[in-house]
**Student:** 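My questions will all concern the structure given below.
First the proteins, then the strands, lettered A, B, ... as listed; each starts at 1.
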2 protein chains.
Amino acid sequence: MITIMDNTETTEKTKSCDFRMTRQRRVILAELDSPGQHPTADEVYSRVRKVLPNISLGTVYRNLEILSQTGMVKKLHIGSEQRRYEKNQKRHYHAHCVMCGRVSDIPSDPFGDIDKTARENSRFDITGHELVFEGLCPKCNDDNQ
Amino acid sequence: MITIMDNTETTEKTKSCDFRMTRQRRVILAELDSPGQHPTADEVYSRVRKVLPNISLGTVYRNLEILSQTGMVKKLHIGSEQRRYEKNQKRHYHAHCVMCGRVSDIPSDPFGDIDKTARENSRFDITGHELVFEGLCPKCNDDNQ
DNA sequence: CTTGGTGCAAAGGTTTTGCACGGGG
DNA sequence: CCCCGTGCAAAACCTTTGCACCAAG
């Protein structure tokens with residue numbers, strides 16, 4: 001029999017939201033575990049299929065959506081490219097290579113002061129911001145010389 | 001006969017890039033002229049069709065893409081929603097209503113210092129950033145009370 | 001048991017593209 | 001005149017969804 005409880009806050013969160021921790025969901029979460037990753041749904045799908053060959057792409061999408069609603073996973077919208085996902089973890093921003101599309105983490109505390117500036121210049125009730133830095137990754141920068 | 005030259009920097013840019021200023025292209029640009037707008041390709045399409053009933057959606061997409069390459073138009077990537085476009089104009093950021101999807105301009109000088117911070121924390125050659133503020137627009141904020 | 005989750009496949013929505021023709025410069 | 005741009009329609013792409021069955025709790 002498969003152990004379903006793993007007494008992490010992850011499972012706690014799922015339980016409290018009336019979500020079942022299915023095999024599929026657990027494997028998807030596990031795939032997102034290593035930091036510095038920002039896979040697309042399709043990338044998650046092909047990785048997870050190595051463990052669960054019969055999982056469907058629809059299930060991957062449904063789970064990523066549900067997990068992002070619980071806050072365990074974060075949806076990323078970077079450029080006009082395909083949606084990406086990451087495990088929600090310590091505060092950081094992202095850098096996006098305009099040449100190859102690579103996405104890297106940039107560790108940083110959130111810039112709270114820019115929200116304040118925005119509030120002063122608009123009638124919106126600003127709650128936060130999405131910020132992506134654009135530029136060249138080290139590799140493309142070298143190739144470019 | 002239709003006047004093709006209009007001796008604006010717009011036409012100059014087009015000429016220098018070997019782009020022809022066609023009737024379609026001119027009407028699309030004109031539609032984007034009033035500030036504070038961020039229409040989707042489809043919205044541009046339906047507006048432009050009032051002037052050019054036979055224009056095709058493909059032409060609208062092709063032109064918005066070309067115009068964004070010349071720098072005359074800016075593509076906006078806001079949340080996971082449909083792509084939006086605006087005429088490139090004085091420096092500002094955008095606020096996105098998480099409830100109704102509305103997009104508003106927020107006048108502001110660019111935050112150059114955050115690029116500096118990002119540079120110090122990554123190996124990317126950072127050239128700029130995409131920044132969208134999230135919150136509630138005045139209307140949704142009222143409805144929410 | 002009950003009810004939410006799954007696999008499958010089809011549908012949906014947005015954006016791109018191949019092609020033959022037309023018009024800009 | 002040349003060849004870029006256009007209209008049309010199909011294709012490509014990404015994401016969502018309906019449905020019958022399955023399995024978590």
**Student:** Just the rounded figure in Å: distance from C1' of C/dG23 to CD1 of B/Ile55.
**Tutor:** 14 Å
**Student:** Could you check how far NZ of B/Lys75 sits from P of C/dT14, rounded to whole Å?
**Tutor:**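 Taking atom P of C/dT14 as the reference, NZ of B/Lys75 is at 16 Å.
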**Student:** Just how far, in rounded Å, is P of C/dG5 from CG of A/Leu29?
**Tutor:** 14 Å
**Student:** B/Glu81 CD to C/dT15 P: how many Å, rounded?
**Tutor:**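 Computing the B/Glu81:CD to C/dT15:P distance gives 12 Å.
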**Student:** Which of these nucleotides, C/dT16, C/dT2, D/dC3, is closest to any side-chain atom of A/Arg20?
**Tutor:** C/dT2
**Student:** Do B/Val73 and B/Glu86 have side chains that approach each other closer than 4.5 Å (heavy atoms only, starting at C-beta)?
**Tutor:**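 They are not in contact (no side-chain heavy atoms under 4.5 Å apart), so the answer is no.
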**Student:** Let me know the distance between CZ of A/Arg25 and C1' of C/dG5, rounded to the nearest Å.
**Tutor:**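 Value for this atom pair: 7 Å.
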**Student:** Would you please confirm or rule out a distance under 4.0 Å between OP1 or OP2 of D/dT15 and any side-chain N or O of A/Tyr61?
**Tutor:**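 For A/Tyr61, the contact criterion (side-chain N or O under 4.0 Å from OP1 or OP2 of D/dT15) is met.
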**Student:** Between B/His94 and B/His92, is the ring-ring contact (aromatic ring centres under 6.0 Å, His included) condition met? List the steps.
**Tutor:** CA-CA 7 Å; B/His94 295 104; B/His92 65 277; 4.8 Å; yes
**Student:** With a cut-off of under 6.0 Å to the ring centre and 45° to the axis, is A/Arg49 in cation-pi contact with A/Tyr45?
**Tutor:** yes
**Student:** Does D/dT6 have its OP1 or OP2 closer than 4.0 Å to a side-chain nitrogen or oxygen of B/Thr22?
**Tutor:**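 Answer yes for this pair, as a side-chain N or O of B/Thr22 is under 4.0 Å from OP1 or OP2.
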**Student:** Grab the CZ-P distance between B/Arg23 and C/dG22 for me, whole Å please.
**Tutor:** 18 Å
**Student:** Under 4.0 Å, counting only non-hydrogen atoms across every strand here, what does A/Asp42 touch: a base, just sugar-phosphate, or nothing?
**Tutor:** nothing
**Student:** Which of these nucleotides, C/dT6, D/dG7, D/dT15, is closest to any side-chain atom of A/Gln82?
**Tutor:**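 That would be D/dT15.
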**Student:** Determine the interplanar angle of the A/Phe111 and A/Tyr93 rings, folded into 0 to 90°, and report it as parallel if under 30°, tilted if 30 to 60°, perpendicular if over 60°.
**Tutor:** parallel
**Student:** What's the closest nucleotide to the B/Ala41 side chain, out of C/dT6, D/dC8, C/dT15?
**Tutor:** C/dT15
**Student:** Less than 4.0 angstrom between a side-chain N/O of A/Arg83 and OP1 or OP2 of D/dT16, yes or no?
**Tutor:**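 For A/Arg83, the contact criterion (side-chain N or O under 4.0 Å from OP1 or OP2 of D/dT16) is met.
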**Student:** Round to the nearest Å and state the distance from B/Leu52 atom CG to C/dG22 atom P.
**Tutor:**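 Interatomic distance, CG of B/Leu52 to P of C/dG22: 18 Å.
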**Student:** Do any side-chain nitrogens or oxygens of A/Gln24 fall under 4.0 Å of OP1 or OP2 in D/dA23?
**Tutor:** no
**Student:** When you measure from the side-chain N and O atoms of A/Arg26 to the phosphate of C/dG5, is any distance below 4.0 Å, counting only OP1 and OP2?
**Tutor:** no
**Student:** Could you tell me how far apart B/Tyr45 (OH) and D/dA9 (C1') are, to the nearest whole angstrom?
**Tutor:** 12 Å
**Student:** Establish, with yes or no, whether the OP1 or OP2 oxygen of D/dG5 is under 4.0 angstrom from a side-chain nitrogen or oxygen of B/Thr59.
**Tutor:** no
**Student:** Would you mind checking if A/Arg84 and A/Glu43 are paired as a salt bridge, meaning a charged N to carboxylate O distance below 4.0 Å?
**Tutor:**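 Judged by the 4.0 Å cut-off on N to carboxylate O distance, A/Glu43 and A/Arg84 do form a salt bridge.
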**Student:** How would you label the contact of A/Leu57 with the nucleic acid (heavy atoms, under 4.0 Å): base, sugar-phosphate, or nothing?
**Tutor:**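 Contact class for A/Leu57: base.
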